[in-house]
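Presented below is the structure to which this report refers.
Each chain gets a letter, A, B and so on, in the order the sequences are listed, and its residues count up from 1.
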Amino acid sequence: METLTPPINFVDVIVDVPTMQTNQPYTYRVPAVFSKRIQVGMRVVVPFGKGDRLVQGFVVGTKQEAKTTYALKAVHDLMDLTPVLNKEALHLAQWMAGYTFSFTISCLQTMLPRVLRAKYGKQIVITGDKCTLPAEIRALFQTQTALDYYDERITPSMRAQLATLQRQGELAITYLVQDQAKVKTAIWIEPAVGKDKLTEIAQRLRKNAVNQRRLITAMLESMAGFWQKDVPIPAATFIQAEKHGWLTRVAKEVYRDPYRETNISASQPPQLTPDQLRAVQMITPTITDNQNQVFLLQGVTGSGKTEVYLQCIAQALMQGKTALMLVPEIALTPQMVQRVRARFGKQVAVLHSGLSDGEKYDEWRRIERHEAQVVVGVRSAIFAPLDNIGIIIIDEEHEASYKQEEMPRYHTCDVAKWRAAWHHCPLILGSATPSLETRARAQKGVYQGIAMPRRINGKGLPRVQLVDMRKEYKQSQEADFSRPMVQAIEQRLLKHEQVVLMLNRRGYSSFLMCRECGFVLKCPNCDISLTLHMDTNNMKCHYCGHIEDIPHFCPNCRSTKIRYYGTGTEKVQEELARLFPQARVLRMDVDTTRKKGAHERLLQKFGDQQADILLGTQMIAKGLDFPNVTLVGVLNADTALSLPNFRSSERTFQLLTQVSGRAGRADKEGLVIIQTYNPEHYAIQDASHQNYEQFYRTEMQIRRQMGYSPYYYSIKITVSAATEGAAAKRIYQLNDEVKQILSPQARLVGPSPQSILRIKKRYYFQLIIKYKKEPALDAFLQTLLQQSQNDERNGVRIIIDRDPINNI
DNA sequence: AGCACGCCGACT
DNA sequence: GTCGGCGTGCTC
């Protein structure tokens, strides 16, 4: 629709230069050719800096007049026909930048598919006479007039020559801003004549004109048109036919829809249990009344939370609104997607990390054009360009993956709350084991709690048996398998039932240690031990990827008694093969699931009963549901407990509770065996009784005593540098500065070296500020962010993380 | 980020 | 005397 707004003469632009000094809008003049088309939220190309290098920018404001003392530069080009960011997105980015101590440009870019980010090029072009150039330089250009600035053939001496030629005006530097967004097209065939005419043409064809005959047949079958690639005849035949005037060929836009092939039968909403019905009845009025209410839907594993989500989404759709549902990466399985699609069909857009950049862009455009009303996706899907949102759902709310660990360090729940407030809609946080923060807010009435304590099938939770490994270890030296565990596995194998074994990998892996001198092989770049990989026969660093050979003798004392210690999935797999030679074992860990789709293939294989035992790391704890699994074994429950992190108890509890829910979900009785060295630890005790309430009470007391979240807010400042001294010096300096502005109520933890002091040849120190109310803190941190630019120059990196979730 | 300006060491 | 080192400041 044509609007009657006057032409725009000036725009405010956020440029793609992620630094603190440039974290502000810059004003540009709009040339007449663009003044009628340019709009807020569009991407533009603008000259920036001394050399007028071209950079991408986002228009965040427009104005008729600009009164400045300096000359304004002009917008170089528009990158969009319509805005890629709406008013909501621009406000959200602004808020997020302030809240997470990030640059506005970083926030804007995180909200968009990666292909909308510009690719930059720098070229050397010939401006003078090519023939007068030195032969050596001319050779670089070959037949071209432009040369990539970073071309590998350019030697340092050539660089000097090029610089001189540039000064003489023979050469010039130009900048390119390339849009990576490509729309995929395919050729669409539409008959240009009627059925009668086609039949007539067919009759007049030569007998051996096989391809033409096939084409006419195809056209007669679908007069509405079809894709050229769907009919297996040469392209030349189509081109000939077009020349004859039988048909038209049009390049039409196609979406790279990864799910298009699968035919999904529609599903009907099932009868709800009383728990589910109550939940739906509590939530749906808030959709209708545009109430910005946050709910905590706390339902045990198997209580049917997903069905509640689906019915709430249906309610939103019925009112012409849209719905946004977030799930952790690991839970976004094809089955999960299938289930949502079965209910809502083509209205569903799916955003997950398995999609290519092009596919993500296509899904994004479907949402943006209102072709999809329901979005299911992982963390970044919280920015889906939905209008008129009626409900936002975050499933498995406690998952750590909802927090982004790089700039901008946002937590999905915070963004979700902001968007829910903007759209005046409810936000549902769902979990069987809510984070303490969320649960505490429900307790205080900030969120409305909804409990779903019963499983759909009416079954109780599986029986849980704890095995004290300290006693077991005295009995036998079989490091990984206790006798009760071995017996239980044997029984399942006999009955042809399946077993899931979980190895808690966090902070625990197989490393080499010399039994003579205690030497441990460590990464030369990072301060952690190298992990043994039997399949590739080498030692790997899990942080930086450093690889080296397995030593045959100790590099320290030259003893040959250098053996591996600890437990990796590979070692357990070998032990399983020895204990149960007849069992078919599937191993699922970071190494076997690296390839795209490998994760699903393994699960499919296990689901088809092509294996007896599924052995894996944490990733098997979530979202899998196999009716024939009657035993879940946790080999090492407590390795995460010893990590220097105040959330380690919470994590352990959540993980054990989740994995326990995997046993006996159908008609068969399930058993869970947990092997632990800390059987009396409350996290393990409470998990074994599936007692969230008990755990919550105990953990809250500890949090209060220790001054942790949710009783205190926290902000983590991390300093890293190439030398230990430089990092330490800066963090202590910051410690002194921050002390000046804090009230006596605030607490400081540290400064302390991080649990892994050195990562990728950099040393890390951190300082944690725990506080309830500190009026001066935010300004201090914003100033620090400004200063961090100078630190960066000196090789010192400063990271500010609000509500950190790791390494505390 | 990337470019220019500016003030100190070894070279045509 | 100059070329060039990278410290510092700025980019509409």
Output all residues satisfying side chain to side chain donor-acceptor pair (under 3.5 Å) with A/Q21, sequence neighbours left out; order by chain, then residue number. none

Among C/dT11, B/dC3, C/dC12, the one nearest A/T22 by side-chain distance: C/dT11

Measure from [atom1] on [X] to [atom2] on [N] and round the result to the nearest Å.
X	N	atom1	atom2	result
A/I14	C/dT11	CD1	C1'	14 Å
A/E65	C/dC12	CD	P	22 Å
A/K73	C/dT11	NZ	C1'	7 Å
A/Y26	B/dA1	OH	C1'	12 Å
A/L72	C/dT11	CG	P	12 Å
A/R53	B/dG2	CZ	P	6 Å
A/E792	B/dA1	CD	C1'	11 Å
A/I173	B/dA4	CD1	C1'	15 Å

Can you name the residues that form a side-chain contact (heavy atoms from CB on, under 4.5 Å) with A/T783, not counting sequence neighbours? A/Q787

Quick tally for nucleotides 2-10 of chain C: nucleotides whose base has a protein heavy atom under 4.0 Å get B, sugar-phosphate-only ones S, the rest -, giving ------BBB

A/F765 six-ring centre to A/R730 NZ/CZ under 6.0 Å and within 45° of normal: no

Classify A/Y28 by what it touches in the nucleic acid, base, sugar-phosphate, or nothing, heavy-atom distance under 4.0 Å. sugar-phosphate

Counting only heavy atoms not in A/Y713, do more than 12 sit closer than 6.0 Å to its OH atom? no

Between A/Y149 and B/dG2, is there a contact of a side-chain N or O with OP1 or OP2 at under 4.0 Å? no

With a 4.0 Å cutoff (strictly under), does any side-chain N or O of A/K122 reach OP1 or OP2 of B/dC3? yes

Heavy-atom side-chain proximity of A/I805 to A/Y402 below 4.5 angstrom: no

Do A/L351 and A/V375 come close enough that some side-chain heavy atom pair is under 4.5 Å? yes

Is it the case that A/T412 and A/R379 place a side-chain donor and acceptor less than 3.5 Å from each other? no

